[in-house]
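Notes follow once the structure below has been shown.
Indexing begins at 1, ligand by ligand and atom by atom, following the structure's order. This one's a predicted model, so the numbers in the text were calculated from it and none came from an experiment. Values below: all heavy atoms of this structure, side chains included; hydrogens, waters and symmetry mates excluded.
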Amino acid sequence: MDYMLKPEDFVGVSFWIISIGMVASTAFFFLEGNSVSKHWQTSVRVAGLVTLIAAVHYFYMRDVWVSTGESPLVYRYIDWLLTVPLQMVEFYLILAAVGAASAGIFWRLLIGTIIMLVGGFMGEAGYINPVVGFIVGIAGWIYILYEVFAGEAAQASASSNSEGMKSAFNAMKWIVSIGWSIYPIGYFLGYLSGAGADPATLNWVYNLADFVNKIAFGLIIWAAAKADTAKA
Ligand SMILES: *C/C=C(C)/C=C/C=C(C)/C=C/C1=C(C)CCCC1(C)C
């Protein structure tokens, strides 16, 4: 067994780069949490918690990949199971910062998340047919999209008059629709499109997705918080 990262192991390199990117982002979000106005501080710090949790998992995932060439399936899903609900907390906090949120919004987003991740995990781990897992996962995702685009969360955002909150909420809509679509694309390419499983494609696409949806997602919240703080 060989534990060294090899120059031709591009997936391993992507694990490495993103694990370090998560560490750097964590430092950045925690420090910047001090320089935004009070009602944004928790949101920016929660973005830092998301990248912190991911950083720890990425160190383990990288080792699994580099030493075995296998998908770090369990670490990947434990990471998602912790970080995606935290991102749902973000949605809620951004609405709550302007007093527009009800707890029901958070619970519905959480239920959609759990259906999405349980479906994906069972399909990837082979407990159920990968096509069935994919369909269940997509169903959970559609439920989240409905809540964010048309449900109570959308109405709460529309009725608020805070510009900073509106721009943060709009950007988050793009993240859960376009940014998150990278994950099912990875699953499809990894399990459903070819003759057998393709762990290399699966993992570099998931790694790219995490880069966009954890680091860029946090930066969007940070940018909205900064702009809003400058106005106040
Ligand atoms: C930080 C981690 C994040 C934001 C992870 C998000 C994961 C998804 C949006 C996964 C979605 C999936 C589907 C929509 C269908 C197939 C199975 C999944 C779990 C890959």
Side-chain angles (χ1 to χ4, degrees), residues 14-15 18-19 21-23 25-26 29 43 46-62 71-92 94 108-149 171-193 197-199 201-221:
S14 76
F15 271 112
I18 291 171
S19 61
M22 294 291 177
V23 173
S25 309
T26 303
F29 293 136
S43 303
V46 170
L49 286 179
V50 167
T51 54
L52 174 64
I53 293 169
V56 175
H57 286 89
Y58 261 85
F59 282 110
Y60 283 91
M61 291 200 285
R62 194 188 66 207
S71 279
L73 175 70
V74 180
Y75 294 121
R76 179 82 79 184
Y77 272 86
I78 293 175
D79 172 71
W80 289 355
L81 200 61
L82 297 170
T83 52
V84 182
L86 267 181
Q87 297 195 315
M88 294 313 175
V89 172
E90 290 281 359
F91 269 97
Y92 176 78
I94 284 179
R108 284 192 298 277
L109 291 172
L110 189 66
I111 288 167
T113 299
I114 289 168
I115 293 170
M116 180 176 85
L117 295 181
V118 168
F121 178 75
M122 305 252 292
E124 290 202 49
Y127 289 116
I128 56 175
N129 182 295
V131 177
V132 176
F134 187 73
I135 293 168
V136 173
I138 295 277
W141 182 37
I142 289 174
Y143 185 62
I144 294 169
L145 289 174
Y146 171 79
E147 177 64 27
V148 171
F149 278 84
M172 289 160 82
K173 284 207 269 199
W174 287 103
I175 287 284
V176 289
S177 54
I178 309 299
W180 281 21
S181 72
I182 307 170
Y183 295 99
I185 291 171
Y187 185 109
F188 183 82
L189 296 176
Y191 295 100
L192 307 181
S193 66
D198 178 355
T201 306
L202 180 79
N203 281 285
W204 80 253
V205 177
Y206 279 173
N207 290 358
L208 171 74
D210 278 349
F211 184 80
V212 170
N213 293 294
K214 292 187 166 65
I215 297 177
F217 175 88
L219 286 174
I220 287 168
I221 294 165

How about [X]: does its [atom1] atom have over 12 heavy atoms from other parts shown lying under 6.0 Å from it?
X: Tyr60; atom1: OH; answer: no
X: Tyr146; atom1: OH; answer: no
X: Tyr187; atom1: OH; answer: yes
X: Trp204; atom1: CH2; answer: no

Could you tell me, atom by atom, which parts of ligand 1 come under 4.0 Å of a heavy atom of [X]?
X: Phe134; value: 15 (C), 16 (C)
X: Thr83; value: 1 (C), 2 (C)
X: Tyr77; value: 19 (C)
X: Asp210; value: 1 (C), 2 (C)
X: Ile138; value: 15 (C)
X: Val84; value: 2 (C), 3 (C), 4 (C), 5 (C), 6 (C)
X: Gly120; value: 17 (C), 19 (C)

Can you tell me the protein heavy atom closest to [atom] and the distance?
atom: atom 1 (C) of ligand 1; answer: Lys214 NZ, 1.5 Å
atom: atom 20 (C) of ligand 1; answer: Tyr206 OH, 3.7 Å
atom: atom 12 (C) of ligand 1; answer: Met116 CG, 4.1 Å
atom: atom 6 (C) of ligand 1; answer: Tyr183 CE1, 3.4 Å
atom: atom 4 (C) of ligand 1; answer: Gln87 OE1, 3.3 Å

Exercise for review: Measure the spacing between OG of Ser14 and OH of Tyr58 and express it to the nearest 0.5 Å.
Suggested key: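 Rounded to the nearest 0.5 Å, the OG-OH separation comes to 7.5 Å.
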
Exercise for review: State the CD1-OG1 distance between Ile78 and Thr83, to the nearest 0.5 angstrom.
Suggested key: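 Here the interatomic distance stands at 11.5 Å.
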
Check your understanding: Taking the six-membered ring where the residue is Trp, are the ring centres of Trp80 and Phe121 under 6.0 Å apart?
Key ->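 Distance test on ring centres: not under 6.0 Å, no.
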
Practice item. Tell me, please: is Tyr191 in heavy-atom contact with ligand 1, that is, under 4.0 Å? Key: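 The answer is no: ligand 1 sits nowhere under 4.0 Å from a heavy atom of Tyr191.
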
Review point. So, the side chain of Trp141 versus the backbone of Val176: is there a donor-acceptor pair under 3.5 Å, distance only?
Key: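 Between the backbone of Val176 and the side chain of Trp141 there is a qualifying donor-acceptor contact (under 3.5 Å).
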
Check your understanding: Has the side chain of Gln87 got a donor or acceptor atom that lies under 3.5 Å from a matching backbone atom of Phe217?
Key ->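 Not confirmed, Gln87 side chain does not pair with Phe217 backbone.
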
